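Here the structure is laid out as structure tokens; the discussion comes afterwards.
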Amino acid sequence: MKKYLVANWKMNPVDLQEAENILSGYLEINLQSDIELVVCPPRIFLRNLIEKSGGKFFWGTQNCFWEDIGAYTGEVSVLQVKKLGAKYVIVGHSERREFLGETDEMVNKKIKAVFLQKLVPILCIGGGKEAKNKKADALKIVKGQLFSALHSLPARTIKNQEFLVTYEPPWALSTVSGNQSAPAKKVAEVSYFIFKLLTKTYGHQVGKQIPILYGGSVNAENIQKFSKKLNLAGFLVGGASLNPKEFAKMVDLME
Ligand code: PGA
């Protein structure tokens with residue numbers, strides 16, 4: 001199976017010049033394996049960065065709106081980012097659930113819109129306010145968010161289109177935990193649980209093709225703790241993806 005490294009720049013950096021500096025660092029990355037490197041910068045930089053990247057990476061956006069066009073002040077549609085050249089859309093990130101009030105229902109509408117435009121959703125589950133407490137029932141939260149995100153989506157969509165799932169506990173995000181990732185045991189338990197839910201719902205053949213990623217303080221120091229031992233398809237990387245040297249190291253360590 002392909003491996004994925006998704007760079008989520010969040011609301012960084014502050015201007016295009018700095019964004020281009022990060023991209024220059026990325027262009028030095030030695031990408032020769034089966035790793036799909038997906039870059040999700042703030043949307044205002046997307047066009048310039050895609051143009052400058054010479055087709056080296058795959059591109060994504062950190063959010064989307066569910067309608068294609070119309071009177072939705074401040075929103076950007078899947079169709080619009082598709083026309084810019086994005087292939088991936090992060091949906092339901094923990095920070096959006098927590099700070100922007102993104103509900104399961106909104107996540108469901110967004111994921112449907114992404115599938116409709118034939119882009120690839122990177123569905124984040126396990127996050128939001130209810131999951132902030134480390135002692136919260138992660139399995140219950142993950143199950144609820146997964147099934148409501150996929151609610152009323154035909155099984156053939158899941159079967160025929162690419163789709164990624166990321167387990168992302170909010171207490172392990174680098175900005176919250178000070179770079180303390182979740183324990184490997186916890187990630188193993190939850191990712192296996194997600195795998196079981198998917199195979200039970202869509203059948204073994206389909207379920208086992210769905211890549212399951214982990215996000216939360218993954219960096220060059222700890223990536224091997226996850227990539228060597230766990231059956232993960234990749235990582236969603238926030239903070240460490242803003243440092244191209246460190247990110248390049250992570251690509252090497254994943255191979
Ligand atoms: P982080 O972010 O790597 O900074 O913890 C991860 C994420 O956005 O899921």
Side-chain angles (χ1 to χ4, degrees), residues 3-14 19 22 25-26 35-43 45 58-64 86 88-100 102 107 110-111 120-134 136 138 141-142 145-146 149 163-184 186-187 190-191 194 211-227 230 232-251 253-254:
K3 295 269 181 198
Y4 299 84
L5 210 47
V6 182
N8 176 15
W9 291 9
K10 309 197 180 185
M11 204 172 69
N12 302 291
V14 88
I22 300 174
Y26 274 37
I35 295 178
E36 186 127 332
L37 204 160
V38 182
V39 192
C40 304
R43 272 180 310 232
F45 306 140
F58 291 91
W59 294 88
T61 178
Q62 302 166 17
N63 177 39
C64 66
Y88 290 89
V89 182
I90 298 174
V91 181
H93 190 281
S94 178
E95 285 151 9
R96 295 201 58 82
R97 292 181 193 263
E98 183 182 350
F99 304 127
L100 282 305
E102 197 154 296
V107 170
K110 290 180 180 195
I111 211 163
V120 182
I122 303 174
L123 171 66
C124 296
I125 54 176
K129 261 196 196 127
E130 54 175 332
K132 277 204 94 170
N133 184 339
K134 246 187 191 174
I141 292 169
V142 155
Q145 291 181 353
L146 180 70
F163 160 55
L164 276 57
V165 182
T166 301
Y167 169 50
E168 187 199 40
W171 44 265
L173 294 177
S174 63
T175 43
V176 176
S177 69
N179 291 321
Q180 292 294 309
S181 64
K186 181 82 185 168
V187 177
V190 180
S191 55
I194 296 171
I212 300 173
L213 282 61
Y214 163 69
S217 299
V218 183
N219 53 41
E221 300 271 286
N222 63 21
I223 191 167
Q224 283 188 307
K225 169 173 104 179
F226 299 108
S227 61
L230 306 188
L232 290 166
F235 304 96
L236 181 62
V237 186
S241 72
L242 294 167
N243 176 344
K245 284 212 167 81
E246 171 155 23
F247 198 58
K249 217 164 150 191
M250 294 172 75
V251 175
L253 291 170
M254 243 182 106

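Remember, it's 1-based here, ligands and their atoms both numbered in the order they're listed. Here the structure is a predicted model, which means the values were calculated and not measured.
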**Item:** Sidechain-backbone polar pair: Tyr88 side chain, Val6 backbone, donor-acceptor under 3.5 Å
**Value:** no

The ring-ring contact (aromatic ring centres under 6.0 Å, His included) partners of Phe247 (sequence neighbours excluded) come to Tyr26

The reported gap from OG in Ser181 to CG in Asn219 (rounded to nearest 0.5 angstrom) is 7.5 Å

Check: Do Phe235 and Met254 come close enough that some side-chain heavy atom pair is under 4.5 Å?
Finding: yes

When rounded to the nearest 0.5 Å, the distance separating CZ of Arg96 from NZ of Lys110 is 4.5 Å

Contacts for ligand 1, heavy atom under 4.0 Å, by chain and number, are Asn8, Lys10, His93, Glu168, Leu173, Ser174, Gly216, Ser217, Leu236, Val237, Gly238, Gly239

Checklist entry - Going by atom types alone, do His93 and Gln62 pair a side-chain donor with an acceptor below 3.5 Å? => result no

